[in-house]
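We use all heavy atoms of the structure for the numbers below, so side chains are in, but hydrogens, waters and symmetry mates are not.
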Amino acid sequence: MNDASNPHRRTFLRNASALAAATATAVPFASAQSSADPWQRAQDIIARCSRPPSFRNEDFPVTAFGAKSCRLVAATSTWRKVQWEVKTPAPGSHDCHPAIAAAIAACHQAGGGRVLIPAGSWYCKGPIVLRSNVHVHLASGAQVYFSANPADYAKYGDIDCGERGKLVVSRWQGNDVLNYSPLVYAYKQTNIALTGADWTSVLNGQAGVPFESGDSSWWGWMDRRGDEVSAATVNPLNLPLDAVAPGLGPAERALIQGEHPRWNGDTRYLPALSEAGVPLARRVFGVGHHLRPCLVEFIGCSEVVMEGYQAVASPFWMHHPVDCRNVRFSKVNMESIGPNNDGFDPESCDTVLVDGCTFNTGDDCIAIKSGKNRDTQFGPTRNVVIQNCIMNSGHGGVTLGSEMAAGIEHVYAQKIEFRNAHWATDPLGSAIRLKTNMNRGGFLRHLYVRDVRLPNGVDARDKRGKPATGGGAIVTIDCNYATGDDGVRTRPPSVSDVHISNLRAGTVNMADGDYSCYQAVVILGPVAASFNGPAGTAILPVTNISITDCDFGTARNAGQPVFLHNARNVVLKNVKINGRTISETLS
């Protein structure tokens with residue numbers, strides 16, 4: 001493996017823990033901590049993230065470096081049984097990747113400025129890689145179509161992994177990995193921006209369009225077809241654990257592998273490498289593997305702006321800042337309903353503002369994360385404000401977890417419309433959702449939510465008596481999430497200090513009545529039977545939860561609109577459910 005071209009990467013590969021942010025132990029906003037009003041801290045975060053970025057006043061149009069607009073033709077985008085007609089660059093279209101890369105390089109070398117992508121359709125056979133002090137701007141009517149060819153994202157990385165390709169440092173569902181480059185990428189850069197003039201400024205990942213080779217699509221990697229290998233099937237490239245981690249004893253190896261028959265499929269093998277202590281330099285995926293890249297991923301960056309464009313058809317998570325500081329994500333529209341198409345996933349980040357965004361996603365709208373298994377070196381995610389957003393569809397609206405092994409704290413959500421616009425065909429699962437398990441552990445604390453509306457409620461379909469942990473409750477705390485995915489379950493989570501106020505839910509007219517949800521609140525604390533660590537380890541209940549001045553509308557499960565397990569000091573004050581006002585403390 002040759003990484004000589006980038007000394008920062010050499011540092012990462014020698015010792016990933018050296019990249020842990022110094023702020024992982026520091027707690028900013030000290031003045032807000034001492035305030036009686038916890039929302040003062042939110043105001044400080046908003047003020048810090050709202051400062052306008054500063055770039056040199058010079059434009060670098062990509063057309064000056066050879067970019068040419070392309071002609072579009074009809075194509076079909078597919079996710080399982082759903083198909084719809086889209087546009088794609090005509091075969092043989094001019095590749096604008098060299099021109100965009102050259103414009104970014106010239107801008108960076110000049111000390112910064114704006115790389116301008118003008119109106120038109122631009123075919124890009126490779127990633128857009130941002131550099132410090134570079135602002136990439138899509139003009140009104142500018143549409144970037146990223147190629148539907150995985151090989152194009154294993155050509156330009158600065159870590160040469162031989163037949164696996166030239167890869168980049170990435171993180172996939174909470175685990176560090178050398179993998180295909182995200183379609184828009186930055187690593188350890190400062191003062192960067194990705195913006196659009198309006199929602200006709202489009203980043204199109206083309207994830208449902210057939211690969212140019214004709215054999216699958218990014219979204220198709222989720223599913224097995226015949227004998228082909230997919231992300232979840234056994235991959236013969238993944239060596240046995242005793243070959244990659246010979247120091248493990250038989251019992252430890254068996255615990256890590258678990259009992260799943262396809263434990264060495266890519267999606268389970270990478271977490272196993274983390275549990276086994278295999279260093280990043282030996283977690284080589286890329287060509288021959290099926291871990292889809294994010295649409296936008298920034299790692300170890302500071303002073304970051306993503307603003308004013310539309311994101312469409314992402315291969316995987318749509319926006320994934322990791323170990324970033326001072327991030328503003330505003331006025332972005334997300335239209336991507338494929339697998340794992342979360343809208344915005346800040347991971348181990350500090351000081352983040354999400355403002356004025358619209359989400360129509362195939363998974364969680366927002367999912368706050370902080371690493372999984374032993375990959376916790378970047379510390380917790382903290383100091384996040386989410387406001388003025390619209391959530392149309394997705395598994396959860398504002399979600400914390402599930403990959404949150406390093407913890408999440410000080411998250412504020414306000415003035416949000418969980419619109420659930422597609423309630424009849426693709427409903428929003430939950431509005432406020434916290435999820436973890438005995439593997440992902442970590443802590444969730446100091447979550448504040450206020451002034452939110454659910455005009456169409458959430459998924460109100462019949463759950464046949466089961467607690468609505470996977471969707472159907474307006475507020476969900478699930479500490480037993482997806483336990484079958486994790487063999488090692490030795491890290492009990494800690495969940496406390498969640499405060500929700502002024503929530504209003506409306507109903508929708510379903511075939512058998514008007515409902516806002518299946519259940520109003522589900523709190524499933526840690527389940528002791530799931531734990532397989534040392535005897536005597538404390539399994540803490542969920543505690544200090546308050547829900548105040550809220551109207552949850554009409555729950556379908558009128559006999560049990562609130563479900564609790566291993567939870568204490570759950571305070572409901574002036575809470576209306578099914579027309580009844582409740583003020584009591586539950587445990």
How long is the gap from [atom1] on [X] to [atom2] on [Y], to the nearest 0.5 Å?
| X | Y | atom1 | atom2 | result |
| --- | --- | --- | --- | --- |
| L194 | F298 | CG | CZ | 5.5 Å |
| C349 | D323 | SG | CG | 7.0 Å |
| L447 | Y412 | CG | OH | 9.5 Å |
| M391 | C357 | CE | SG | 8.5 Å |
| D37 | Q43 | CG | CD | 8.5 Å |
| F359 | M334 | CZ | CE | 3.5 Å |

In terms of side-chain geometry, is the basic nitrogen of [X] or [Y] positioned less than 4.0 Å from the acidic oxygen of its partner?
| X | Y | answer |
| --- | --- | --- |
| D486 | R440 | yes |
| R491 | E275 | yes |
| R268 | D485 | yes |
| D364 | K435 | yes |

Where [X] and [Y] come nearest, the two heavy atoms and their spacing:
| X | Y | answer |
| --- | --- | --- |
| F285 | L273 | CE1-CD1, 4.0 Å |
| L540 | N566 | O-ND2, 3.8 Å |
| W39 | A413 | CH2-O, 3.5 Å |
| P182 | P293 | CA-CB, 3.9 Å |
| G205 | L183 | CA-CD2, 3.7 Å |
| T381 | E347 | OG1-C, 3.4 Å |

* To do: Quick one: do I474 and F418 satisfy side-chain contact (heavy atoms from CB on, under 4.5 Å)? Show the steps, please.
  => CA-CA 10 Å; I474 291 174; F418 298 96; over 6 Å; no
May I ask you to decide if [Y]'s main-chain N or O and [X]'s side chain share a donor-acceptor pair within less than 3.5 Å?
| X | Y | value |
| --- | --- | --- |
| S336 | S314 | yes |
| T436 | G441 | yes |
| D462 | R464 | yes |
| N235 | D266 | no |
| N439 | V488 | yes |
| T351 | I45 | no |
| R419 | I390 | no |
| N392 | H422 | no |
| T483 | N480 | no |
| Y518 | G465 | yes |

Are any non-hydrogen side-chain atoms of [X] and [Y] less than 4.5 angstrom apart?
| X | Y | result |
| --- | --- | --- |
| P455 | E417 | yes |
| V184 | C294 | no |
| V475 | V498 | no |
| S516 | T507 | yes |
| C389 | V354 | yes |
| F552 | V575 | yes |
| Q143 | V312 | no |
| S230 | D223 | no |

* Asked: Please walk me through it: do I408 and F443 pass side-chain contact (heavy atoms from CB on, under 4.5 Å)?
  -> CA-CA 6 Å; I408 301 169; F443 57 80; 5.7 Å; no
Side-chain donor-acceptor pair present, [X], [Y], cut-off under 3.5 Å:
| X | Y | value |
| --- | --- | --- |
| T476 | D478 | no |
| D451 | Q414 | no |
| D363 | N341 | no |
| T195 | E307 | no |
| Q173 | T267 | no |
| Y153 | S147 | yes |

* Structure fact -> Which of I545, L572, N569, V570 passes side chain to side chain contact (heavy atoms under 4.5 Å, CB included) with T585? It is N569
* H320 vs W317 aromatic rings, parallel, tilted or perpendicular, using cut-offs 30° and 60°? -> perpendicular
* Parallel, tilted or perpendicular: which describes the rings of W221 and F211, with under 30° parallel and over 60° perpendicular? -> perpendicular
* Asked: Take atom CD in E259; do more than 12 heavy atoms of anything else shown fall under 6.0 Å from it?
  -> no
* So with a 6.0 Å cut-off around CZ of R568, is the heavy-atom count from everything else above 12? -> no
* Asked: Looking at W172 versus F316, is the centre-to-centre ring distance below 6.0 Å?
  -> yes
* To do: Quick one: do E85 and T76 satisfy side-chain hydrogen bond (donor to acceptor under 3.5 Å, both in side chains)? Show the steps, please.
  => CA-CA 5 Å; E85 295 304 309; T76 300; 3.2 Å; yes
* Between Y515 and R556, is there a cation-pi geometry (under 6.0 Å to ring centre, at most 45° from the normal)? -> yes
* K463: what forms a salt bridge (Lys or Arg N to Asp or Glu O under 4.0 Å) with it, not counting sequence neighbours? -> D459
* Would you check, one step at a time, whether the test side-chain contact (heavy atoms from CB on, under 4.5 Å) holds for N574 with T581? => CA-CA 6 Å; N574 192 29; T581 300; 3.6 Å; yes
* Walk me through it: do H290 and V229 pass the test side-chain contact (heavy atoms from CB on, under 4.5 Å)? => CA-CA 8 Å; H290 298 83; V229 176; 3.8 Å; yes
